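Just so it is clear, the model here is predicted, and its values are computed rather than measured. The figures that follow rest on heavy atoms only: side chains count, while hydrogens, waters and symmetry mates do not. Order of the sequence lines fixes the chain letters, A, B, ..., with proteins taken first and strands second; residue numbering starts at 1 for each chain.
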Protein chains: 2
Amino acid sequence: MEAALAKPALPRAPSGKREQTKLQNRQIILDAARGVFAELGYGAATVRDIIRATPLASGTFYNYFKSKEEIYQAIRDEVALAIRPRLREERMKARTVEEFISGTFRTFFEFVASDRIDFRSIRHNADITRVRVDTPEVIAGFDELREDIETAIPRGLFPPIDADFLMAAIAGVAFEVAERMMRREAPDPAAAAVFATALFLGGIRALPGAPEPSTETRI
Amino acid sequence: MEAALAKPALPRAPSGKREQTKLQNRQIILDAARGVFAELGYGAATVRDIIRATPLASGTFYNYFKSKEEIYQAIRDEVALAIRPRLREERMKARTVEEFISGTFRTFFEFVASDRIDFRSIRHNADITRVRVDTPEVIAGFDELREDIETAIPRGLFPPIDADFLMAAIAGVAFEVAERMMRREAPDPAAAAVFATALFLGGIRALPGAPEPSTETRI
DNA sequence: TTGAAAAGTTGACGGCTCGTCATGGTCTTG
DNA sequence: CAAGACCATGACGAGCCGTCAACTTTTCAA
């Protein structure tokens with residue numbers, strides 16, 4: 001056993017010309033797809049558009065991805081995989097409801113704000129209609145959130161509530177408020193997080209007042 | 001002038017063979033489209049699928065709708081137009097935050113539950129990914145909600161909060177919780193409304209306990 | 001009643017996308 | 001160095017898209 005480990009261990013060669021090109025092609029296609037989705041929106045984009053944004057032949061595309069859906073999922077999944085561990089960690093170390101909730105929202109909104117290009121390419125659409133696609137990886141993120149809530153109940157963080165509904169409520173607020181936040185001139189993740197956290201901790205009555213005191217101008 | 005009004009008033013004939021067929025064809029196409037979207041999901045459906053589910057020729061379809069998007073919007077808009085007045089009325093007559101919030105959620109969840117076929121055809125999708133499309137009519141519903149919140153602030157129902165974010169939060173919770181509700185064996189709109197209302201009125205701590213009191217077993 | 005114009009339907013058509021696959025070039029391995 | 005594994009290529013048949021000239025039905029004025 002020792003010898004096998006010490007020696008070159010032939011089957012696991014990380015480089016090799018062939019292997020390199022493959023990685024490279026995959027990356028070329030992914031980058032092209034990101035650009036096309038950002039420009040045309042998911043609905044209007046075609047596989048051909050992506051191929052055209054690439055020096056490769058059409059058949060090559062299908063060696064890497066089965067369809068437009070699949071490459072789109074790959075892109076979304078990169079995002080989901082990047083943020084899920086952060087969210088999870090934030091929730092694990094929470095000692096109070098406050099920490100659980102505010103940690104989740106702060107992390108999420110900050111991520112979205114720092115990642116606006118991907119977010120736009122995911123939400124943007126050519127015409128007026130808005131399309132939202134939840135890939136399996138995103139849905140897995142939802143499941144993690146529900147699990148974390150369920151785990152937190154015996155820890156005394158939450159009352160024994162309907163974890164499924166609470167998960168849905170948190171996700172709904174996170175996505176929808178993020179959307180509004182990103183439409184503003186200067187997206188402010190901290191403010192969004194404060195808003196969402198206050199809502200979940202104390203309801204509407206606990207929400208902070210609006211920025212502009214509109215009473216001033218109309219004496 | 002009097003004569004013109006008393007006599008048949010030729011230009012406004014509500015029936016007329018031509019007019020009738022037009023209405024009828026439109027309805028045939030809309031019904032076919034509903035069926036196709038329900039069966040294949042929005043993404044997989046093609047205009048040709050809809051035409052095939054119809055006794056009409058392909059060119060005729062385009063006399064009524066420009067594209068798949070447009071006919072889909074027409075279907076969604078029927079739904080949005082049906083529920084929006086009810087929601088608005090519910091909010092107008094609200095005298096307290098409680099009434100504003102619970103009226104909104106109750107009406108929405110009851111509508112969704114009573115309308116499950118349309119809801120499924122709108123949310124359903126062939127593969128694992130979920131697609132949500134908000135047509136202009138739906139977005140107009142969001143705007144109405146925000147307006148109603150803004151109007152309610154001077155009435156003293158709400159503190160002077162960020163109406164845009166609150167609108168987003170309510171919409172997010174409504175859609176996401178409705179989705180979870182409809183996945184259960186016996187969708188219970190009243191329970192969903194109680195949950196959402198309590199959340200917005202008092203935050204997580206105000207939420208009602210889960211069905212099974214898990215505290216009992218662990219004294 | 002009649003006939004001409006308006007309105008609407010039809011289905012074939014050119015242009016495009018789709019996913020496949022036989023061909024051929026390049027890397028790897030013994 | 002040779003044989004084979006691996007994969008890029010691009011042409012291809014199938015099918016979808018939206019259009020439009022030709023045709024049919026309805027309307028309406030004389």
Side-chain angles (χ1 to χ4, degrees), chain A residues 7-33 35-37 39-74 125-127 129, chain B residues 4 7-33 35-37 39-74 126-127 129:
Chain A
K7 280 281 176 175
L10 48 101
R12 289 298 130 238
S15 75
K17 179 106 182 194
R18 207 131 225 166
E19 215 65 18
Q20 270 181 325
T21 330
K22 244 169 86 173
L23 257 342
Q24 199 182 343
N25 280 350
R26 191 187 152 87
Q27 207 51 50
I28 288 174
I29 294 173
L30 277 172
D31 289 344
V36 170
F37 285 137
E39 179 151 357
L40 302 180
Y42 175 76
T46 73
V47 172
R48 246 60 186 186
D49 290 329
I50 299 170
I51 293 167
R52 251 179 256 117
T54 255
L56 306 170
S58 66
T60 305
F61 176 92
Y62 291 98
N63 284 341
Y64 292 87
F65 302 97
K66 278 210 312 289
S67 62
K68 178 173 87 160
E69 284 70 32
E70 190 169 298
I71 193 171
Y72 187 76
Q73 287 192 10
N125 196 292
D127 34 51
T129 67
Chain B
K7 281 281 176 176
L10 48 100
R12 289 297 131 236
S15 75
K17 180 106 182 195
R18 206 129 226 166
E19 216 66 18
Q20 270 182 326
T21 330
K22 244 168 88 173
L23 257 342
Q24 199 183 342
N25 279 351
R26 191 187 154 87
Q27 207 51 48
I28 288 173
I29 294 173
L30 277 172
D31 289 345
V36 169
F37 284 137
E39 181 151 356
L40 303 179
Y42 175 76
T46 74
V47 172
R48 245 59 187 186
D49 290 328
I50 298 170
I51 292 167
R52 250 179 256 117
T54 255
L56 305 170
S58 65
T60 305
F61 176 92
Y62 292 97
N63 283 341
Y64 293 86
F65 303 98
K66 278 210 312 289
S67 62
K68 177 172 86 159
E69 284 70 32
E70 191 169 298
I71 192 170
Y72 187 77
Q73 288 191 10
D127 33 51
T129 67

[X] [atom1] to [N] [atom2], straight-line distance once rounded to whole Å:
| X | N | atom1 | atom2 | result |
| --- | --- | --- | --- | --- |
| A:F61 | D:dA8 | CZ | P | 13 Å |
| A:K66 | C:dC18 | NZ | P | 16 Å |
| A:E19 | C:dT29 | CD | C1' | 15 Å |
| A:I51 | C:dC18 | CD1 | P | 7 Å |
| B:I71 | D:dG18 | CD1 | C1' | 15 Å |
| A:Q24 | C:dC27 | CD | C1' | 15 Å |
| B:Y62 | C:dA12 | OH | P | 16 Å |
| A:L23 | D:dC7 | CG | C1' | 15 Å |

On the side chain of A:R18, is there an atom forming a donor-acceptor pair with the base of D:dC6 - under 3.5 Å, no angle test?
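Flag set: donor-acceptor pair detected.
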5' priority, DNA chain C, between A:G59 and A:D49 [closest heavy atom]:
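This one resolves to A:D49.
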Does the side chain of [X] get closer than 4.0 angstrom to OP1 or OP2 of [N] through an N or O atom?
| X | N | value |
| --- | --- | --- |
| A:S58 | D:dG10 | no |
| A:N25 | D:dC7 | no |
| B:K17 | D:dT27 | no |
| B:Y64 | C:dT9 | yes |

Please tell me which of B:R48 and A:K22 maps to the more 5' nucleotide of DNA chain D, matching each residue to the nucleotide holding its nearest heavy atom.
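Per heavy-atom nearest nucleotide, the more 5' residue is A:K22.
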Name the nucleic acid region contacted by A:T46, choosing base, sugar-phosphate or nothing; use a 4.0 angstrom heavy-atom cut-off, strictly under.
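Sugar-phosphate: the residue A:T46, judged by heavy atoms under 4.0 Å, touches backbone atoms but no base.
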If I take atom [atom1] from residue [X] and atom [atom2] from residue [Y], how far apart are they, to the nearest 0.5 angstrom?
| X | Y | atom1 | atom2 | result |
| --- | --- | --- | --- | --- |
| A:Q73 | A:E69 | CD | CD | 8.0 Å |
| B:Y64 | B:E70 | OH | CD | 13.5 Å |
| B:I51 | B:T60 | CD1 | OG1 | 8.5 Å |

Side-chain donor/acceptor of A:D49 to backbone N/O of A:T46, under 3.5 Å:
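A pair under 3.5 Å: yes.
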Choose from D:dC16, C:dG8, D:dT9 the nucleotide whose nearest atom is closest to any side-chain atom of A:N63.
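My answer, after comparing the listed nucleotides, is D:dT9.
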Is the Lys NZ or Arg CZ of B:K68 less than 6.0 Å from the centre of B:F37's six-membered ring, within 45° of the axis?
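B:K68 over B:F37 ring: no.
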